[in-house]
Amino acid sequence: MDLGDKLFGRLKPGYYLLLSVIVLTVLWAARQSGTPVLDIVPNLWADPRFLFFLSFPIYGWLFVVLFRLMRKGSKHPAATIRRLLRRDKWWLVRMVVLLVFVLMAGKCFSLLKNTIPLTLNFYADPALVDLERTLLGGNDAWVYTHAAFGSAFATEVIDRIYTLFFPISAAFYIWMIASWDTRLQLRGLLGCVFVWIVLGYMLATLLSSSGPVFYEYHYGRTDFVPLLDRLNAISAERHLMAPEIASWLIESMGKGEFGSGVSAMPSIHVGQAFLLYLVLRYRMGWKHWISWCALAFVTVTWIGSVHLAWHYMLDGFVSIVLISIAWHFIGRFVDYLWARDDLRAQADYTPVLVPQ
């Protein structure tokens, strides 16, 4: 049994594919952005914060173990921890490896997103606006969302829920990295790579667009000024986050900072939220209340993306359709890898944190 078998078990080819795609993305991001590869690949010796993130899986594992040992009143916690470290070592190593690669993928996504208008300058917004107006009876989608949820209170609620995307996404990534279920882990992380690279960079470059909030800034047209004036008026009363984030995005444009970059079609916010729903539905079942909460979050995120001037309605629709298709085929790929080998590898068991 080689190292790959110990880390990834029968799904080793799928994990190799995941890591290879990220490595290729790092090389491409370095080329496109002019950033040295060593500035993308985390430097363990130069950045103490990265050492903290690297050791985060072990901190989390120790916290869970110690908590359960305290509840059980263990008389020999140190011996138990040593035994469990030996037992779960490959699971812990896999977490660290995946954490490193996910951090690199996140950095690459920001770098590549900033290169979109340099590769193909924003051009698709007018066509998207015209198409959306044709589908919606001559009006923009925000006219309908503000007719239904246009009060200052409702807009503030939508703004706050939309902003929850960031902590919820971070929790989702941690869950995927730390999962003991390799089928769920591989399927979820391949889905994330699809959202970031295929939707967030490749398709976003082909359909280069900036969204309603930057329509005047990039095209010099005032189609969405009434929406922005309305949001600014509400923000003066309720302090919305959206106008502040929009200002920061303009200031950080082209700098490659984490989270920076402008792109409308397709919507990564809606796509990532929908991927979270698909993972929860796969894990919990569609009837579980958590799955319904996730679906509600997708709905509010989609409405919020239009309501707060970030996206056109079509941006979210395209993301949902393409992620649904990708999720299906990723699932078939993972199931094929799982079924082709009946021998379980060491990484495929579920670690028992505290013996019964």
Side-chain angles (χ1 to χ4, degrees), residues 14 17-18 21-22 25 98 101-102 105-106 108-110 112-113 116 124 128 131-132 141 161-162 164-177 179 181 183-209 211 259 261 263-286 288 290-306 310-337:
L17 173 64
L18 171 68
V21 169
I22 294 176
T25 302
L98 293 176
F101 277 81
V102 167
C108 290
F109 175 62
S110 294
L112 290 171
K113 195 173 181 181
I116 290 174
L128 293 172
L131 177 57
E132 191 160 286
I161 294 176
Y162 194 83
L164 286 176
F165 168 84
F166 301 102
I168 288 176
S169 293
F172 173 52
Y173 302 146
I174 291 172
W175 175 30
M176 289 297 95
I177 290 168
S179 177
D181 184 344
R183 296 174 73 181
L184 176 71
Q185 184 178 66
L186 180 58
R187 193 173 182 184
L189 290 177
L190 285 174
C192 289
V193 168
F194 177 83
V195 171
W196 297 336
I197 307 304
V198 178
L199 297 187
Y201 173 62
M202 293 181 178
L203 190 57
T205 301
L206 291 174
L207 299 172
S208 182
S209 53
S263 176
M265 169 66 84
S267 171
I268 299 306
H269 275 72
V270 176
Q272 189 70 61
F274 189 67
L275 177 63
L276 171 61
Y277 163 70
L278 291 175
V279 171
L280 286 170
R281 190 182 68 176
Y282 172 78
R283 182 67 177 82
M284 308 285 188
W286 70 270
H288 199 283
I290 293 180
S291 298
W292 284 102
C293 288
L295 184 59
F297 180 67
V298 174
T299 303
V300 176
T301 300
W302 191 2
I303 293 173
S305 70
V306 174
W310 293 117
H311 288 281
Y312 310 107
M313 178 196 68
L314 291 171
D315 300 343
F317 176 77
V318 169
S319 292
I320 288 173
V321 170
L322 293 180
I323 290 171
S324 297
I325 296 171
W327 178 254
H328 171 74
F329 284 103
I330 291 172
R332 292 188 63 176
F333 171 66
V334 172
D335 289 343
Y336 163 76
L337 293 179

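Numbers here are sequence positions counted from 1.
- Residues that satisfy the side-chain contact (heavy atoms from CB on, under 4.5 Å) test with Ile197, not counting sequence neighbours, are Thr25, Val193, Met202.
- Pairs passing the salt bridge (Lys or Arg N to Asp or Glu O under 4.0 Å) check and including a residue from residues 264-276, sequence neighbours excluded, do not occur.
- Partners of Arg183 according to the salt bridge (Lys or Arg N to Asp or Glu O under 4.0 Å) rule, which considers only residues two or more places apart in sequence or in another chain, are Asp335.
- In Phe317, the CZ atom is not crowded: 12 or fewer heavy atoms of neighbouring residues, nucleotides or ligands sit closer than 6.0 Å.
- When the side-chain contact (heavy atoms from CB on, under 4.5 Å) test is applied to Ile268, the partners found at least two apart in sequence or on another chain are Phe109, Val195, Leu199.
- Listed by chain and residue number, nothing satisfies the side-chain hydrogen bond (donor to acceptor under 3.5 Å, both in side chains) test with Tyr162 (two or more places apart in sequence, or in another chain).
- For the ring pair (Phe, Tyr, Trp, His ring centres under 6.0 Å) test, no residue two or more places apart in sequence or in another chain qualifies with Tyr282.
- Not a single ring pair (Phe, Tyr, Trp, His ring centres under 6.0 Å) links Phe194 to another residue, sequence neighbours left out.
- Taking Phe101 as the reference, nothing meets the ring pair (Phe, Tyr, Trp, His ring centres under 6.0 Å) condition, with sequence neighbours excluded.
- Not a single side-chain hydrogen bond (donor to acceptor under 3.5 Å, both in side chains) links Tyr277 to another residue, sequence neighbours left out.
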Which atom pairs, donor and acceptor, lie under 3.5 Å between side-chain atoms of residues 290-304 and protein residues at least two apart or in another chain?
from, atom 1, to, atom 2, distance (Å)
Ser291, OG, Gly285, O, 2.8
Trp292, NE1, Trp286, O, 3.2
Thr299, OG1, Leu295, O, 3.0
Thr301, OG1, Phe297, O, 2.7
Trp302, NE1, Met313, O, 3.1

For residues 319-330, dump all side-chain donor-acceptor pairs below 3.5 Å to protein atoms at least two apart in sequence or in another chain.
from, atom 1, to, atom 2, distance (Å)
Ser319, OG, Ser267, N, 3.0
Ser319, OG, Ser267, O, 2.7
Ser319, OG, Asp315, O, 3.2
Ser324, OG, Ile320, O, 2.7

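- A search for side-chain contact (heavy atoms from CB on, under 4.5 Å) contacts involving Thr205 returns Ile116, Thr119, Leu120, Tyr201, not counting sequence neighbours.
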